[in-house]
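Have a look at the structure below, then the notes.
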Amino acid sequence: MSKTIVEPAREIAVRKETDVLVIGGGPSGIMAALAAAEDGLNVMLIESRSFVGGNMTIGLPILGFLGQKGNQIIKGLPQQFIDRLKAVRASSEHRPCPLHMSLTLVEPEAVKTVALQMLVENNVDVLFYAFCVGVIMEGDELKGVIIESKAGREAILAKTVIDCSGDADVAYRAGVPCEYGNEQGGVQPPTLMFCLGGVDTEKLRTSIAEEPRTYLTDFIPAEYFGQNNQFVLVGMRNLVKKAQEAGLTLTTERTILITGLRKGEVWVNMTRVNGVNGTDPGSLTYGEIEGRHQIQDIQQYLIQYVPGFEQAYFLKTAPFIGIRETRRIQGHYTMTREDIMSCRHFEDAIAVASYPLDIHHPQGGGCTLEWCGDCYDIPFRSLIPQKIKNLIVAGRCISATHEAMSAIRVMAPCMAMGEAAGRAAKMAVRAGVQPAAIDVKKLQEELLNKGAYLRPFPEEPVS
Ligand SMILES: Cc1cc2nc3c(=O)[nH]c(=O)nc-3n(C[C@H](O)[C@H](O)[C@H](O)COP(=O)(O)OP(=O)(O)OC[C@H]3O[C@@H](n4cnc5c(N)ncnc54)[C@H](O)[C@@H]3O)c2cc1C
């Protein structure tokens, strides 16, 4: 056992008592707080950084608004958020994409501003610069959390807590059984995103459309690039190989580029740091150091080998390294690969998703993708943790296997889960019952009334 010390017990101030407390202001947390606050409950959102948005601020397109058949499957509050972004020209349309089903390009700085505006307008009490580090329990009931900040250690008490930390921080500390990674404990590697300016994206896309044999892309047919100037490019494996043979250190097999909303800007999703544990600061620091180190060769590769990058220059890195996977809770139901591949319906569906299984291998530089051909439901039971009361979990750390998580983790479904969790928390507080005991039919009715999408029920019985 490593060396330990005993920290003396001490009295700490209760900073706030609230109805609903949301931990984490990423895609799921923003929607959870907005939904919970909709008709007047006291809602607080704690975020460790100085802005909301989570991974929506690291230069990624939002994936998953459209399903594999092209229909829009994420609506409701997430769509209202996109509409607000569109009003300030900070979001694209939901563009169909043969690989990702759809991509919605958003401007990271506007995400921070617009999401915060919406939270403030809805009277959500947002607290930045505060880390949730512990829980307050009475038996198996979660009564609140402990936060640490410049102000020291303080308590927040809440009737219902929603864990949207991505890492299941609250659930884990409360004693909810959690899993980490695949059967060998391997997690999908993180990526430090970065952005280049001065890219001739017109030249890039026309080169692919006109010379598909030279610029080979994965899954997405070359003609697609001839159609529009906002796209995600995955592939050019031959060029990556060539650059590696010429001595550049590239840790991924594929070129992954995302056009920004601003002319000439391209976000690069190509650093990979295998073995990083996103719940350990030492490991995260290693990820940041190694991620930054990798950028130099990737930039050189793009300038030397990829058309349109000849005049490219470095603009910025994302505000933090993007963590794909850490803990997942064990809930009342654990979503599996089979649920996704069989497009499964659930009686207690609270969101519909369609994104494929997409596993960046924990070792090596490869990736596996598998499509089910349509949509699958996310059941409410996967948001309800085992053993602990007063807690709902939303976002990438819900109860799902390593494989199923690789599909439900993209941001549009995370937002839809957040909305459902917020509405469920509101119902639980109003009725004075546990989240697990709310009437899920009423939750589904409210979701539909508020514009969310749920699939019509099939004729045959479902579980
Ligand atoms: C490199 C990379 C590429 C990806 N590509 C895409 C893509 O192209 N499109 C797509 O849709 N999805 C993509 N994803 C997946 C997606 O971004 C995430 O799965 C999704 O953002 C998860 O949402 P979330 O709300 O669960 O968590 P997050 O977005 O991680 O948000 C969690 C928030 O909680 C805060 N927080 C965490 N712990 C605490 C704490 N203890 N106290 C206080 N605050 C806390 C964090 O600061 C953060 O703001 C990618 C992920 C990565 C890492």
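Atoms within a ligand are numbered from 1 in the order they appear, just like the ligands themselves.
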Kindly identify the option in [options] whose heavy atom sits closest to [atom].
atom: atom 23 (O) of ligand 1; options: Pro27, Pro61, Gly395; value: Pro27
atom: atom 27 (O) of ligand 1; options: Pro413, Ser50, Gly166; value: Gly166
atom: atom 17 (O) of ligand 1; options: Leu192, Ile46, Asn55; value: Asn55
atom: atom 3 (C) of ligand 1; options: Val133, Ile23, Ile147, Leu60; value: Leu60

Where ligand 1 meets [X] - atom numbers and elements under 4.0 angstrom, heavy-atom basis:
X: Phe131; result: 40 (C), 41 (N), 42 (N)
X: Gly54; result: 29 (O), 31 (O), 48 (C), 49 (O)
X: Ser28; result: 24 (P), 25 (O), 26 (O)
X: Ile323; result: 53 (C)

For [atom], find the nearest protein heavy atom and state the residue, atom name and distance (0.1 Å precision).
atom: atom 32 (C) of ligand 1; value: Cys164 O, 3.5 Å
atom: atom 48 (C) of ligand 1; value: Glu47 OE1, 3.5 Å
atom: atom 45 (C) of ligand 1; value: Ser48 OG, 3.7 Å
atom: atom 53 (C) of ligand 1; value: Gly322 C, 3.1 Å
atom: atom 34 (O) of ligand 1; value: Gly24 CA, 3.1 Å
atom: atom 42 (N) of ligand 1; value: Cys132 N, 3.0 Å
atom: atom 37 (C) of ligand 1; value: Ser165 O, 3.3 Å
atom: atom 15 (C) of ligand 1; value: Arg409 O, 3.6 Å

Report the part of [X] in contact with ligand 1, treating N, CA, C, O as backbone and CB onward as side chain, heavy atoms under 4.0 Å; options are side chain, backbone, both, neither.
X: Asp169; result: side chain
X: Cys414; result: side chain
X: Ala130; result: backbone

Does the side chain of [X] come under 3.5 Å of the side chain of [Y] through a donor N or O and an acceptor N or O?
X: His332; Y: Ser382; value: no
X: Glu290; Y: Gln294; value: yes
X: Asp167; Y: Ser165; value: no
X: Thr104; Y: Arg95; value: no

With the threshold set at 4.0 Å, does a side-chain nitrogen-carboxylate oxygen contact exist between Lys450 and Glu419? no

Any Lys/Arg nitrogen of Glu338 or Arg344 sitting under 4.0 Å from an Asp/Glu carboxylate oxygen of the other? no

Could you go step by step and tell me if Thr201 and Thr259 meet the side chain to side chain donor-acceptor pair (under 3.5 Å) rule? CA-CA 8 Å; Thr201 49; Thr259 56; over 6 Å; no

Backbone N/O of Leu99 and side chain of Trp371: donor-acceptor pair under 3.5 Å: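 Checked: pair present.
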
Please check this pair: side chain of Tyr376 against backbone of Tyr355, looking for a donor-acceptor N/O pair closer than 3.5 Å. yes

Would a 4.5 Å heavy-atom cut-off, applied to side chains only, mark Phe128 and Ser48 as touching? no

With a 4.5 Å cut-off on side-chain heavy atoms, are Ile295 and Thr271 touching? yes

So, taking the atom named CZ in Arg15 and the one named CE in Met44, what distance separates them when rounded to the nearest 0.5 Å?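 Spacing of CZ (Arg15) from CE (Met44) equals 6.0 Å.
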
Geometry only, no angles: is [X] polar-contacting ligand 1 at N/O separations under 3.5 Å?
X: Arg396; value: yes
X: Arg49; value: yes
X: Ala394; value: no

Contact between ligand 1 and Gly64 is defined here as a heavy atom of the residue under 4.0 Å from a ligand atom; is it met? no

For Pro190, state whether at least one heavy atom is located under 4.0 Å from any atom of ligand 1. no

Cation-pi, Phe320 ring and Arg49 (6.0 angstrom, 45 degrees):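 Positive - Arg49 is close enough to the ring of Phe320 and near enough to its axis.
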
Is the charged tip of Arg327 near the ring of Tyr172: under 6.0 Å from the six-membered ring centre and within 45° of its axis? yes

